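All remarks here apply to the structure that follows.
What you see is a predicted model; the values in this text were computed from it and never measured.
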Amino acid sequence: MAYTRITAAEAAAMIKNGENVGVSGFTPAGTAKAVTKELAVKALAEHEAGREFKVGIFTGASTGQSTDGDLANAQAIKYRAPYTTNTDFRKHVNAGEIAYNDIHLSQMAQELRYGFMGEVDWAILEVCDIDEGEDTCKAYLTAAGGICPTIARMAKKVILELNSFHSPDAKYIHDVYEPLDPPYRQPIPIVHVNDRIGKPYVEIDPKKIVGIVECNIPDEARAFKDADPITDQIGHNVARFLVSDMKRGIIPSTFLPLQSGVGSTANAILGALGHDEIVPDFNVYTEVLQDSVVGMMLEGRVKCASACSLTVSNGCLKEIYDNINYFKDHLTLRPSEISNSPEVIRRLGVIAINTAIEVDIYGNANSTHISGIKMMNGIGGSGDFERNAYISIFTCPSTAKGGLISSIVPMVSHHDHSEHDVNVIVTEQGIADLRGKSPLERAALIIDNCAHPDYRQMLRDYLKISKGGHTRHNLPAAFAMHDTLQRKGDMHLTDFSEYVK
């Protein structure tokens, strides 16, 4: 059976104002690109004609410019969930133009199934191959799992983007599994990083498929900053800490699976671990793979990796496809609710390493908002991993903006991860192991080991003027450093003397 071939513009023309669209992909690999780009063109034409046109967007995580960026610039998004990193999208969210719902990535698919976000009118999936059966369509995904099985099943209509940029061999690395909902949910039977429990394709009712859009569009891979002395030192500090825990017997001699966030700091950390001769060859159970992990897999340093997404350069993606006979036995891509499953993370004993924007003196972390107001990016899967990790680690440089901002503050301006879920803080200055420590003990460790020397005395002064109790705070002064930054552009100029009574 041959399904109808249509153009991206023809597909976009079918989507109506007010409808909800689920798209494939995850940070931003494997994201539908052809139809969403044309949807932005349609929105601009509709607005020019004086007609309203906005849609809801459901994704696995962040998408690229062709979805988040172009649709945001076209004023075409009424609602969006979950994680995002796109610069243009961020501007429109912070301008109050988009209803953005930032939720844990492990919860996105199930909250759609539970009906929390309304109906899924359309699913647009990027695929590398299609088995065009009469009773069942088998759609083979490209570089990410995302929320594809859920949106494909829930959607009233489905559009498939058959993207020849991706090798059909991508089908060999996918494990598609959708859990049942309560009260029928069963344990997820993953006990090893490389266990496969599902099928290599997404099953779709052919009656829902309105058309296949053939295209050849590269993944819109994000560029990350090169490593620098600060990120390299953070990576060295994390490696030193984990080696110490292994020598003490806290981490087994065989080591444990690692999860690491996205970006240059994550690359530096994994690179440092990969080069440390004491650390044995290890596994990765994470949500995104970056170029550095792929390189270590080819070297045999990383034995097996499980993820939701190949957030890699297009050159690295080609290398995976060229070596598919190796990677099909060592790499597994899963839907996000499996890659980020709290159940599996805790069972495997994953060591979680993620990046914070700022951390306060008690170990609470802000990973999403600048000065508590402006969204920088979503929470992603950091909460999924950190709360359920064997060891939860947050990293950040001790300062930002050339030293004008301290990343260690009296109280975080936006609260994503509580002190109860954070075991270790690492900056280029050092390591604060918070396990088994009281609030005041945590404060001393974070100030002495992680804060920049320029800010340590200021933070000690804050503690001195804070009222007693289990957790000491001076509420009028808690955001004095943030307030000084907004008024004077430099946290160094903070003066706590006015808060002393």
Is the ring pair [X]/[Y] parallel, tilted or perpendicular, if the boundaries are 30 and 60 degrees?
X: Tyr201; Y: Tyr140; answer: perpendicular
X: His166; Y: Tyr321; answer: perpendicular
X: Phe394; Y: His417; answer: tilted
X: Phe116; Y: Tyr114; answer: perpendicular

Does any donor atom in the side chain of [X] or [Y] lie under 3.5 Å from an acceptor atom in the other side chain?
X: Asp68; Y: Asn86; value: no
X: Ser313; Y: Asp291; value: yes
X: Glu214; Y: Ser164; value: no
X: Ser382; Y: Asn354; value: no
X: Thr63; Y: Thr31; value: no
X: Asp228; Y: Thr231; value: yes

For Asp102, check salt bridge (charged side-chain N to carboxylate O under 4.0 Å, His left out) against everything at least two apart and list the hits.
->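 Applying salt bridge (charged side-chain N to carboxylate O under 4.0 Å, His left out) to Asp102 gives none.
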Looking at residues at least two apart in the chain, or sitting in another chain, which of them share a salt bridge (charged side-chain N to carboxylate O under 4.0 Å, His left out) with Lys171?
->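 So Lys171 forms a salt bridge (charged side-chain N to carboxylate O under 4.0 Å, His left out) with Asp129.
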May I ask you to test the Pro342-Arg387 pair for a side-chain heavy-atom distance under 4.5 Å?
->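 Pro342 does not reach Arg387 side chain to side chain.
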Using modelled atom types only, decide if a donor and an acceptor are shared between the side chain of Asn20 and the backbone of Glu119 within a distance under 3.5 Å.
->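 Yes.
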Taking only Lys NZ, Arg NE, NH1 and NH2, and the carboxylate oxygens of Asp or Glu, determine whether Asp281 and Lys303 approach each other closer than 4.0 Å.
->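 Between Lys303 and Asp281 there is no salt bridge, as every charged N stays at least 4.0 Å from the carboxylate O atoms.
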Output yes when Lys33 and Glu161 qualify as a salt bridge under the 4.0 Å nitrogen-oxygen rule, no when they do not.
->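 Here Lys33 does not pair with Glu161 in a salt bridge, since their nearest N and O are not under 4.0 Å apart.
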For Arg347, check side chain to side chain contact (heavy atoms under 4.5 Å, CB included) against everything at least two apart and list the hits.
->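 Expected list: Val191, Glu343, Val344.
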Can you establish whether the number of heavy atoms outside Arg153 located under 6.0 Å from its atom CZ is more than 12?
->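 Check passes, neighbour count above 12.
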